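One structure is given here, and the rest of the page talks about it.
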Amino acid sequence: MTENEAKNYIESYIKFFEKDGIGIPSREPYDLAISALEEIQQYRALGTVEELRETMEKQRAKKPVVNKYYYFCSNCGARRSIRQKHKFCHNCGQSIDWSGEE
């Protein structure tokens with residue numbers, strides 16, 4: 001069952017009892033459950049925990065690997081994906097730390 005299916009089930013359950021005039025003792029637990037399901041959906045829209053960790057790690061600037069002719073991204077190893085003073089690798093998006101480089 002998905003979050004949307006669960007929300008729809010709860011809402012139809014409430015409507016069923018309200019329609020028949022039976023009512024339910026308290027809507028608060030149902031409203032809380034619906035709110036929690038909506039919050040879960042918002043978090044899932046952001047991505048998985050692993051995807052978020054990877055994104056956070058790419059924001060931590062890393063020094064480039066330097067040889068005689070090229071700069072290499074220390075994250076993905078791509079050659080020529082960065083030039084001096086670029087803030088990010090054009091291949092993987094890793095933030096680049098140029099401090100100490102001339």
Side-chain angles (χ1 to χ4, degrees):
M1 179 178 276
T2 67
E3 288 91 3
N4 275 337
E5 291 170 338
K7 280 176 36 182
N8 290 338
Y9 182 84
I10 293 168
E11 288 168 350
S12 65
Y13 181 82
I14 292 169
K15 287 177 187 175
F16 173 78
F17 282 101
E18 288 176 345
K19 179 183 79 167
D20 289 346
I22 299 170
I24 52 177
S26 172
R27 274 190 67 124
E28 187 177 353
Y30 302 105
D31 291 339
L32 181 62
I34 290 171
S35 176
L37 289 166
E38 289 170 347
E39 189 173 341
I40 288 170
Q41 287 178 316
Q42 290 173 354
Y43 280 111
R44 286 184 196 239
L46 294 173
T48 65
V49 173
E50 292 80 19
E51 291 170 335
L52 294 173
R53 279 191 186 123
E54 183 180 325
T55 301
M56 297 261 315
E57 187 61 32
K58 283 185 180 181
Q59 291 178 359
R60 291 188 186 104
K62 293 182 179 178
K63 296 232 180 248
V65 178
V66 183
N67 77 5
K68 190 174 181 179
Y69 302 105
Y70 303 108
Y71 294 102
F72 294 85
C73 175
S74 58
N75 185 55
C76 69
R79 184 174 74 170
R80 296 184 182 179
S81 64
I82 57 174
R83 302 272 190 267
Q84 195 167 19
K85 304 306 178 201
H86 282 176
K87 294 182 179 186
F88 297 93
C89 171
H90 293 293
N91 186 54
C92 72
Q94 175 65 49
S95 179
I96 305 296
D97 177 8
W98 291 105
S99 63
E101 295 292 324
E102 293 181 17

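Since the model is a prediction, treat every value here as computed from it, not as a measurement.
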Should E11 and K15 be marked as a salt bridge (charged side-chain N to carboxylate O under 4.0 Å, His left out) after you check the CA-CA gap, both sets of side-chain angles, and the distance that decides it? CA-CA 6 Å; E11 288 168 350; K15 287 177 187 175; 5.6 Å; no
For E3, what residues pass the side chain to side chain donor-acceptor pair (under 3.5 Å) criterion, not counting sequence neighbours? R44
Any donor-acceptor pair under 3.5 Å from S35 side chain to D31 backbone: no
Please enumerate all residues that pass side chain to side chain donor-acceptor pair (under 3.5 Å) together with E39, with sequence neighbours excluded. none
Could you measure the distance from the NE2 atom of H90 to the CD1 atom of I82? Nearest 0.5 Å is fine. 9.0 Å
Contacts satisfying ring pair (Phe, Tyr, Trp, His ring centres under 6.0 Å) that involve residues 26-67 (not counting sequence neighbours) are Y13-Y30
With sequence neighbours left out, what residues match Q41 under side chain to side chain donor-acceptor pair (under 3.5 Å)? N4
With sequence neighbours excluded, tell me which residues meet side chain to side chain contact (heavy atoms under 4.5 Å, CB included) with E5. M1, T2
Test item: C76 and Q94 side chains (from C-beta on) under 4.5 Å apart, heavy atoms: no
With rounding to the nearest 0.5 Å, note down the distance linking SG in C73 to NZ in K63. 14.0 Å
Who passes side chain to side chain contact (heavy atoms under 4.5 Å, CB included) against Y70, sequence neighbours left out? N67, F72, R79, R80
Note, K62 side chain near I96 side chain (heavy atom, < 4.5 Å): no
